[in-house]
Structures are given as structure tokens and as C-alpha cells.
Amino acid sequence: MKKITLTTFLILILIPLLSFKTYKRYVTPTLEIQPIKIQPIEIEKESFELIQPSHQQFLEAIGHRESSNNYSVVNEFGYMGRYQFGRATLKGLGIDVTKEEFINDHRLQERAMHMLLSHNKKKLKRYIKKYEGQVIHGVLITESGMLAAAHLAGQGNVRKFLKNGFVFEDGNGTKMTSYMKQFGGYILNL
């Protein structure tokens with residue numbers, strides 16, 4: 001018997017196998033396209049009302065800060081009433097009354113505050129128009145904030161703040177910028 005080597009054996013087996021062609025059957029898949037179904041989603045809307053504080057709320061807030069809304073208080077520096085008016089400010093508004101007359105007349109105090117706010121708004125009109133809504137020296141500028149600061153520090157000091165960042169402090173160490181921040185955003189009827 002003849003010996004067949006491994007190489008010869010493989011050649012004898014592989015040659016016939018390699019001579020056959022094999023065909024692969026390619027299957028093209030058929031996709032069935034279905035229409036898209038749109039399902040509405042209900043979104044609940046949260047309703048909210050943006051309420052800007054009113055003129056009366058401004059007066060309540062500033063009166064509380066100045067005197068706890070006490071019409072008859074006089075502080076150590078002589079500032080009087082609910083809004084802590086000084087004599088010079090009252091005279092500048094044309095109000096020439098005694099301390100007793102002023103602290104006992106609530107309507108006069110309210111009228112004086114309205115007069116002062118109107119006066120300061122007129123004097124700061126150009127600055128309100130120019131700076132309102134901007135952040136100046138780290139403070140959001142609003143009309144009510146500027147007028148509150150003018151009540152504390154005077155309109156000249158408000159102008160100095162807007163121009164060069166000067167911050168006035170009163171005798172108690174209250175900075176006018178704290179008034180700009182606390183009383184900003186009110187709608188004033190002036």
C-alpha cells in the first residue's frame with residue numbers, strides 16, 4: 001500500500017472542494033412602512049400674574065423703613081414723622097410749620113411725601129430715562145429705587161452715584177444703595 005502524505009491528502013480533498021462555485025442567496029428585506037400616529041400631549045399651563053408693587057405699597061414700605069409707619073416719631077437728628085422729613089426739606093417744599101404741627105397732621109405728611117417724590121422725579125427725569133433698567137455699580141436702577149435713594153440722600157447724591165459710584169451714607173450708616181435695592185421696582189403714580 002502506498003503511503004499518502006498529509007499534504008497530498010489535503011490537496012486531493014481541497015481541490016475538488018474549491019472547484020465548486022457556491023452561490024449565496026441574497027435576501028432583500030421588505031419593510032412595511034406604517035403611517036405615523038400623532039398623539040396630542042396635553043400640557044398644563046401654570047398661570048401666574050406678575051404683580052408689581054404699587055404706589056401705596058411703596059409708601060407703606062418706605063414708611064416702615066423710616067419710622068415703622070409712625071407719624072409722630074422724631075429721631076435723634078430731628079427728622080420727623082412717618083417719612084422722617086428734615087426741616088430744610090420741608091422748607092424747600094414750601095411747608096413752613098412747627099414740629100408739633102407736622103407730626104400731628106398725617107395728611108400734611110402724606111402730601112409732603114408726594115411733593116418730594118414729584119420734585120425729585122422732575123429733577124432726576126433725565127437720569128431715570130437714561131439709566132432705568134441698567135445695572136450701574138452693581139445696582140439695578142429703577143425709578144422707584146432712585147426716588148427712594150433721593151429721599152434718603154438727596155437727588156444730587158443720586159446723580160453722583162450714577163456718574164462715578166459715590167455712595168452716600170446717612171447719620172445711621174444707611175447707604176443710599178440699600179434704598180435703591182429695597183425700593184426698586186415699584187410702580188409710582190406721579
Side-chain angles (χ1 to χ4, degrees), residues 51-190:
I51 300 174
Q52 284 188 290
S54 69
H55 185 88
Q56 189 58 39
Q57 290 169 315
F58 173 82
L59 294 174
E60 289 292 323
I62 201 164
H64 181 75
R65 174 84 185 254
E66 291 286 325
S67 69
S68 298
N69 284 312
N70 184 345
Y71 286 98
S72 58
V73 71
V74 178
N75 77 7
E76 63 188 89
F77 302 108
Y79 291 93
M80 309 172 281
R82 180 181 186 190
Y83 304 108
Q84 294 292 282
F85 277 93
R87 288 202 163 289
T89 301
L90 291 174
K91 283 195 187 254
L93 294 172
I95 300 172
D96 190 18
V97 293
T98 67
K99 175 179 78 172
E100 290 74 23
E101 289 172 321
F102 187 73
I103 63 174
N104 290 318
D105 192 341
H106 301 181
R107 289 170 67 170
L108 177 59
Q109 290 185 40
E110 294 301 327
R111 192 171 86 234
M113 185 60 166
H114 181 76
M115 290 169 67
L116 181 64
L117 289 170
S118 296
H119 173 76
N120 285 337
K121 181 177 179 176
K122 182 179 177 182
K123 294 294 184 179
L124 292 169
K125 182 179 180 179
R126 190 176 92 213
Y127 294 90
I128 292 168
K129 188 174 184 174
K130 182 176 181 178
Y131 293 107
E132 189 168 28
Q134 296 181 39
V135 175
I136 306 293
H137 308 295
V139 179
L140 175 63
I141 304 301
T142 66
E143 177 185 270
S144 62
M146 287 175 70
L147 296 179
H151 175 71
L152 177 73
Q155 32 149 312
N157 285 322
V158 171
R159 286 192 296 269
K160 287 179 189 175
F161 170 77
L162 294 170
K163 288 179 181 178
N164 61 26
F166 171 77
V167 178
F168 171 87
E169 288 184 33
D170 72 0
N172 294 314
T174 303
K175 293 181 179 181
M176 64 184 251
T177 51
S178 70
Y179 271 49
M180 287 181 160
K181 293 173 185 175
Q182 181 178 357
F183 301 111
Y186 288 83
I187 300 296
L188 302 182
N189 301 323
L190 299 171

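No hydrogens, no waters, no symmetry mates; every other heavy atom, side chains included, goes into these values. Quick caveat, the model's predicted, so the values are computed rather than measured.
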Answer whether the closest heavy-atom distance between the side chains of Q155 and Y127 falls below 4.5 Å. no
Donor-acceptor contact below 3.5 Å, side chain H119 vs main chain G92: no
Nearest-0.5 Å distance, CE of residue M80 to CD of residue E101: 10.5 Å
OG on S68 to CZ on R65, rounded to 0.5 Å: 11.5 Å
Does any N or O in the side chain of Q109 come within less than 3.5 Å of the main-chain N or O of R82, such that one atom is a donor and the other an acceptor? yes
Counting only heavy atoms not in F168, do more than 12 fall under 6.0 Å of its CZ? yes
Check whether D170 reaches the backbone of N172 with its side chain - one donor and one acceptor, N or O, closer than 3.5 Å. yes
Measure from the side-chain N and O atoms of E66 to the backbone N and O of G63, and report whether any donor-acceptor pair falls under 3.5 Å. no
Point-to-point distance, once rounded to the nearest 0.5 Å, from CZ of F102 to CG of D96: 12.5 Å
Counting only N and O atoms by type, is there a donor-acceptor contact under 3.5 Å from the side chain of S144 to the main-chain atoms of G185? yes
Testing the basics here: between I62 and M113, what is the closest heavy-atom pair and its distance to 0.1 Å? CG2-CE, 3.8 Å
Measure the CD1-CG distance between I95 and L108 for me, rounded to the nearest 0.5 Å. 5.0 Å
For the CG atom of L152 and the CG atom of L147, what is their distance to the nearest 0.5 Å? 13.0 Å
Give the ring-plane orientation class for H151 versus F85, where under 30° counts as parallel, over 60° as perpendicular and anything between as tilted. perpendicular
Can a donor-acceptor pair be found, under 3.5 Å and without considering hydrogens, that links the side chain of E132 to the backbone of E143? yes
Do you know which two heavy atoms are closest between I136 and I141, and how far apart they sit? CG1-CG1, 3.6 Å
Return the CD to CG distance between Q84 and N75, rounded to the nearest 0.5 Å. 4.5 Å
Report yes or no: does N104 contribute a side-chain atom to a donor-acceptor pair with the main-chain N or O of E100 at less than 3.5 Å? yes
Just say parallel, tilted or perpendicular for the rings of F183 and Y186, cut-offs at 30° and 60°. tilted
